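Computed from a prediction, not measured in an experiment: that's the story for all the values here. Residue numbers start at 1 and run along the sequence shown.
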Amino acid sequence: MGLTLGWDASGADLHVMAWLGDAQGFALRDHWWLSTVLHEGAKRLAVVVYLALIWMAVSPWGPWRQVPRLQRLEVVVGITLSLLLISSLKRISLTSCPWELQSFGGAATYISHWSWGTSDGGSGHCFPGGHASSAMAFLAMTLPWLASQQAQEKRKGWVWLGAIVLAGLFLGAAQTLRGAHYPSHSAWTALICAATAWANHQVFQRLQQSNPRLPA
């Protein structure tokens with residue numbers, strides 16, 4: 001969090017976007033790989049994975065049959081809460097995307113995303129980064145395994161954590177290159193999803209501890 005706050009305070013967001021775009025906009029905005037594969041394609045894949053996890057929480061198959069029911073439920077609830085929180089914050093945010101700034105051919109003026117209730121003259125609803133949450137929301141999937149006392153399960157959690165964070169970085173970077181999000185937007189998405197996953201894990205742990213007769 002300290003690094004993200006420092007990045008925010010330094011004004012580095014604008015420096016990065018100025019390096020990537022100009023008064024004519026962002027050259028990579030409609031790049032096929034960034035817009036079709038890493039944006040639309042990744043979003044569809046995330047939906048498929050999310051729906052598959054919901055299905056396996058109810059009717060597990062393969063390796064998921066070995067995962068306790070409560071743990072499967074924790075994963076689905078954590079991911080859902082992360083997606084809902086990011087979506088809700090975006091809905092009330094008046095911060096516009098970088099490509100809407102006057103500096104890049106748009107109509108908006110730069111206003112910090114912490115200036116809640118202050119319009120920048122654009123369409124808003126751009127903070128935090130929604131696309132990065134297509135990966136970062138799945139951080140909730142790692143905690144049950146990371147918290148395990150079994151070395152093999154813990155290693156599995158670390159592998160998933162690395163893959164999810166790497167995917168989130170790629171998706172966030174793709175949107176920055178297109179001019180859709182400042183780097184800090186994706187960083188805050190990661191922090192929000194991580195905090196949501198942790199809080200969700202604590203609730204499920206306490207639920208299990210206070211009700212030991214619940215089916216695992």
Qualifying residues under ring-ring contact (aromatic ring centres under 6.0 Å, His included), relative to F204, sequence neighbours excluded:
none
Using only atom types and a distance under 3.5 Å, with no angle test, would you say the side chain of Q102 pairs donor to acceptor with the backbone of T109?
no
Can you confirm if the aromatic rings of W114 and W188 lie within a centre distance of less than 6.0 Å?
yes
Do the non-hydrogen side-chain atoms of Y110 and D120 ever get within less than 4.5 Å of each other?
no
Residue pair R178 / Q175, side-chain donor-acceptor N/O under 3.5 Å
yes
V77 vs T80 side-chain heavy atoms within contact, under 4.5 Å
no
When E74 is tested against each of Q205, H201, R69 for side chain to side chain donor-acceptor pair (under 3.5 Å), which residue passes?
H201
Start with the C-alpha gap between W158 and L161, add the side-chain angles, then the distance that decides, and say whether side-chain contact (heavy atoms from CB on, under 4.5 Å) holds.
CA-CA 5 Å; W158 280 111; L161 177 63; 3.4 Å; yes
If you look at every heavy atom in S134 and A46, which pair is closest and at what distance?
O-CB, 3.5 Å
May I ask you to check whether over 12 heavy atoms, not counting those of L51, lie within 6.0 Å of atom CG?
yes
Find the distance between CG (L143) and CD (Q71) and round it off to the nearest 0.5 Å.
10.5 Å
Worked verdict on F26 versus M17 for side-chain contact (heavy atoms from CB on, under 4.5 Å):
CA-CA 9 Å; F26 292 86; M17 304 318 294; 3.6 Å; yes
Side chain of T189, backbone of G129: donor and acceptor closer than 3.5 Å?
yes
Ignoring hydrogens, what is the shortest heavy-atom contact between S119 and L94? Give both atom names and the distance.
N-CD1, 3.8 Å
Quick one: does any side-chain atom of S87 pair with a main-chain N or O of L83 as donor and acceptor, under 3.5 Å?
no
To the nearest 0.5 Å, atom CH2 of W33 lies from atom CG of L38 at 5.5 Å
Should the heavy atoms of other residues, nucleotides or ligands under 6.0 Å from CD of E40 be counted, would the total exceed 12?
yes
Working to the nearest 0.5 angstrom, can you tell me the gap between Q150 CD and R155 CZ?
10.5 Å
State whether the side chain of S59 and the backbone N or O of M56 hold a donor-acceptor pair below 3.5 Å, judged by distance alone.
no
Set of disulfide (SG to SG under 2.5 Å) partners for C97, sequence neighbours left out
C126
Common cluster, I79/L166, ILVMFWY with side-chain heavy-atom separation under 4.5 Å
no
Would you say that T142 contacts I164 through its side chain, given a criterion of any heavy-atom pair below 4.5 Å between the two side chains?
yes
Can R29 be said to sit on top of W99's aromatic six-ring, NZ or CZ under 6.0 Å from centre and within 45° of the ring axis?
yes
In terms of hydrophobic clustering (I, L, V, M, F, W, Y; side-chain heavy atoms under 4.5 Å; direct or indirect links), are W198 and L146 co-clustered?
yes
Does the side chain of W145 come within less than 4.5 Å of V159's, by heavy atoms?
no
For D13, which residues count as a side chain to side chain donor-acceptor pair (under 3.5 Å) partner, sequence neighbours excluded?
W7, S184
For S93, all residues meeting side-chain contact (heavy atoms from CB on, under 4.5 Å), sequence neighbours excluded
T95, W116, F127
Which residue pairs pass the salt bridge (Lys or Arg N to Asp or Glu O under 4.0 Å) test when at least one of the two sits in residues 88-115, sequence neighbours left out?
none
The reported gap from CG in D8 to OG in S112 (rounded to nearest 0.5 angstrom) is 6.5 Å
Which atom pair, heavy atoms only, marks the closest approach of A197 to A140?
CB-CA, 3.6 Å
Hey, is the main chain of S123 close enough, under 3.5 Å, to the side chain of S96 for a donor-acceptor pair?
yes
Residue pair V67 / W64, side-chain heavy-atom distance below 4.5 Å
yes
Applying side-chain contact (heavy atoms from CB on, under 4.5 Å), run through Y182 and T176 and close with a yes or a no.
CA-CA 6 Å; Y182 301 105; T176 294; over 6 Å; no
Under the side-chain contact (heavy atoms from CB on, under 4.5 Å) rule, what do V165 and L139 come out as? Steps first, then yes or no, please.
CA-CA 8 Å; V165 170; L139 288 172; 4.1 Å; yes
Quick check on the hydrophobic clustering: are L191 and F170 connected, directly or via other members, by side-chain heavy-atom contacts under 4.5 Å?
no
Pairing residues for K154 by the salt bridge (charged side-chain N to carboxylate O under 4.0 Å, His left out) criterion, not counting sequence neighbours
none
Look at the side-chain heavy atoms of Ile, Leu, Val, Met, Phe, Trp and Tyr, link any pair under 4.5 Å apart, and say whether F138 and V75 land in one connected group.
yes
Quick one: does any side-chain atom of S133 pair with a main-chain N or O of G130 as donor and acceptor, under 3.5 Å?
yes
Report yes if the distance between the aromatic ring centroids of H131 and H181 is under 6.0 Å, otherwise no.
no
Considering all heavy atoms of both residues, which atom of A108 and which atom of G122 are nearest to each other, and what is their separation?
CB-N, 3.8 Å
So, the side chain of S35 versus the backbone of H31: is there a donor-acceptor pair under 3.5 Å, distance only?
yes
Rounded to the nearest 0.5 Å, what separates atom OG1 in T196 from atom CG in L85?
4.5 Å
Pairwise side-chain contact, H39 with K43, heavy-atom cut-off 4.5 Å (strictly under)
yes
Nearest non-hydrogen partners of E153 and S148, listed with the distance
CB-OG, 3.3 Å
Is I86 reachable from L84 through a run of hydrophobic residues whose side-chain heavy atoms are each under 4.5 Å from the next?
no
